Amino acid sequence: MKVRDDLDQLEGYHSPQVDVAVRLNTNESPYPPPAAWQDAFAEEVKRIQFQRYPDREATALRAAIGDQHGVGPECVLAANGSNEVIQAVCLAFGGAGRSAAVFKPTYLMHSHIARITGTTVVEGERGPDFSLDLDEVERVVSAHAPAITFLCSPNNPTGRLEPPEAVDRLLALTPGLVVVDEAYGQFAPRSAIEQIADDRPLVVVRTFSKTWSMAAARLGYLVGPAEIVRALEGVLLPYHLDTVKQAAGRLALRYKTEMEERVASIVEERGRLVAGLSDLAVDVWPSAANFILFRPQAGDGDAVWQGLLDRSVLVRNCASWPRLEGCLRVTVGTPEENEAFLAALAEVLG
Ligand SMILES: Cc1ncc(COP(=O)(O)O)c(C=O)c1O
């Protein structure tokens, strides 16, 4: 038995899962959800009728998410993590004979998922400081007329936030769907959600994995025009969101104030971490997310990554990624984790 030729050539996108004291490699929240959520969730789980299929439309969850953004449930698509949302987008709007545009360096899963769904990937380059180069966007979009264009804002792994004008310009240029991935949206001062309108092919993707402290639950969603959401529903498997997850997400939204407090403290820690990194021999990129990209000025990134791991600190190794030679990405953790990371890094850099 031979797997599809095009799949054979694809590499996975996986960060190592190793047991360490300080885990700052996958941009999770360092804090668990509130204790009150844990209690409410446990109570709700006791009431679940496990012999029944879940609510296929996930209506209550979608209504609760929509309330957060001032839209109805018909403008919300929920799925098993935002990666599954992205997969639904590629299945519905991409596929054979269609292309998806990405601007690198960016979140690798956009092109990975596109390829898995048989969508051709067309690539543009970001500018030297990793900002979006609108001339390059115009070149790629006019050459390929992509059915989907991905923008990640704040961009993973560089941390950069796109200005609203970039989204407007892209919408004016492209005949296809514009997908703004805001997995880190709550850490940034503005969102493209405000730019959504019924007559614009714009959708914004969000996740419960980061700010909502619920990476274990695998829940993500998209906000967009109802017509686009309807089209996306057509490619989801029946009952794709289990009842436990629907309850977890719906209840989490009741603790928005606590979520905002966590975000505020992570943003404050991000500032401290940037300041701490600036005292060391590393180049640091500004970040609007809960992670920071940096590059040791001497020595190779792989050796620094290994040196940190030897001290039980795990960060993301981007050293071999195109245009990110020697770079590492650290997630903002608790104050203690950040201290431990800075101390280990100072030691590794000597
Ligand atoms: C930009 C971006 N989009 C999507 C995801 C996937 O998140 P989820 O856990 O919701 O699938 C991530 C996870 O790291 C991410 O960085």
Side-chain angles (χ1 to χ4, degrees), residues 12-17 23-30 33 58 61 65 76-91 100 102-114 116-117 126 130 132 148-162 167 178-188 191-193 203-223 232 236 240-242 245-246 248-249 252-253 259 266 270 285 287-293 314-318 321 324 327-333:
Y13 170 81
H14 299 301
S15 199
Q17 289 194 305
R23 205 159 76 179
L24 302 175
N25 66 329
T26 44
N27 302 339
E28 295 146 316
S29 169
L61 171 65
I65 293 171
V76 176
L77 182 93
N80 293 284
S82 50
N83 280 334
E84 197 188 45
V85 174
I86 293 162
Q87 185 187 54
V89 167
C90 290
L91 287 170
V102 297
F103 295 91
K104 300 195 311 178
T106 190
Y107 183 50
L108 289 175
M109 285 305 289
H110 295 154
S111 36
H112 188 74
I113 295 171
I116 288 173
T117 62
R126 286 167 178 269
F130 300 138
L132 204 61
I148 305 163
T149 300
F150 287 106
L151 276 191
C152 190
S153 179
N155 187 41
N156 180 7
T158 62
R160 217 173 158 107
L161 181 67
E162 305 301 351
V167 177
V178 175
V179 180
V180 181
D181 185 339
E182 290 191 353
Y184 305 96
Q186 290 97 333
F187 298 107
S191 163
I193 292 181
V203 295
V204 176
V205 178
R206 291 232 165 162
T207 180
F208 279 71
S209 299
K210 319 291 178 183
T211 33
W212 291 102
S213 294
M214 280 181 43
R218 308 301 301 124
L219 180 60
Y221 65 93
L222 161 156
V223 181
L232 292 168
L236 297 174
H240 73 300
L241 274 191
D242 66 76
K245 181 177 328 222
Q246 291 187 34
L253 298 172
M259 181 276 277
I266 291 168
R270 180 178 75 201
W285 280 268
S287 171
N290 68 336
F291 56 80
I292 299 162
L293 185 73
L314 181 62
V315 299
R316 192 68 197 254
N317 187 356
C318 317
W321 299 3
L324 297 178
C327 287
L328 304 175
R329 190 199 67 196
V330 61
T331 304
V332 181

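Since the model is a prediction, treat every value here as computed from it, not as a measurement. One-based numbering along the sequence shown. Numbering of ligands and ligand atoms starts at 1, following listing order.
- Not one N or O of T26 is nearer than 3.5 Å to an N or O of ligand 1, by distance alone.
- Geometrically, ligand 1 and Y184 share a nitrogen or oxygen pair separated by less than 3.5 Å.
- In this structure, CZ on R218 lies 12.0 Å from CG on D242, to the nearest 0.5 angstrom.
- One distance of note links CE of M259 with CH2 of W212; it measures 4.0 Å at 0.5 Å rounding.
- Contacts between S209 and ligand 1 below 4.0 angstrom, taking non-hydrogen atoms only, involve the side chain exclusively.
- Interatomic distance, F150 CZ to M109 CE, rounded to the nearest 0.5 Å: 10.5 Å.
- Within ligand 1, counting atoms from 1 as listed, the ones closer than 4.0 Å to a heavy atom of R218 are 8 (P), 9 (O), 11 (O).
- Atoms of ligand 1 lying under 4.0 Å from any heavy atom of C152, numbered from 1 in the order shown and given with element: 1 (C).
- Below 4.0 Å from some heavy atom of G81 lie the following atoms of ligand 1, by number and element: 10 (O), 11 (O).
- Here L151 contributes atom CG and D181 contributes atom CG; the two are 9.5 Å apart, rounded to the nearest 0.5 Å.
- Only the side chain of N156 comes within 4.0 Å of ligand 1, judged by heavy-atom distances.
- The shortest N/O to N/O separation between N27 and ligand 1 does not fall below 3.5 Å.
- Under the 3.5 Å distance criterion, with hydrogens and angles disregarded, a donor-acceptor pair is assigned to the side chains of Y184 and N27.
- For the side-chain contact (heavy atoms from CB on, under 4.5 Å) test with F130, the passing option among T158, N155, T106 is T158; the others fail.
- For atom 13 (C) of ligand 1, the choice among K210, M214, R206 with the nearest heavy atom turns out to be K210.
- Ligand 1 does not have A215 within reach: every non-hydrogen atom of the residue lies 4.0 Å or more from it.
- To the nearest 0.5 Å, atoms CD1 (I86) and CG (L91) are separated by 12.0 Å.
- Atoms CD and CG, from E84 and L236 in turn, are 6.5 Å apart once rounded to the nearest 0.5 Å.
- Proximity of E84 to ligand 1, defined as any heavy-atom pair under 4.0 Å, is not found for any part of the residue.
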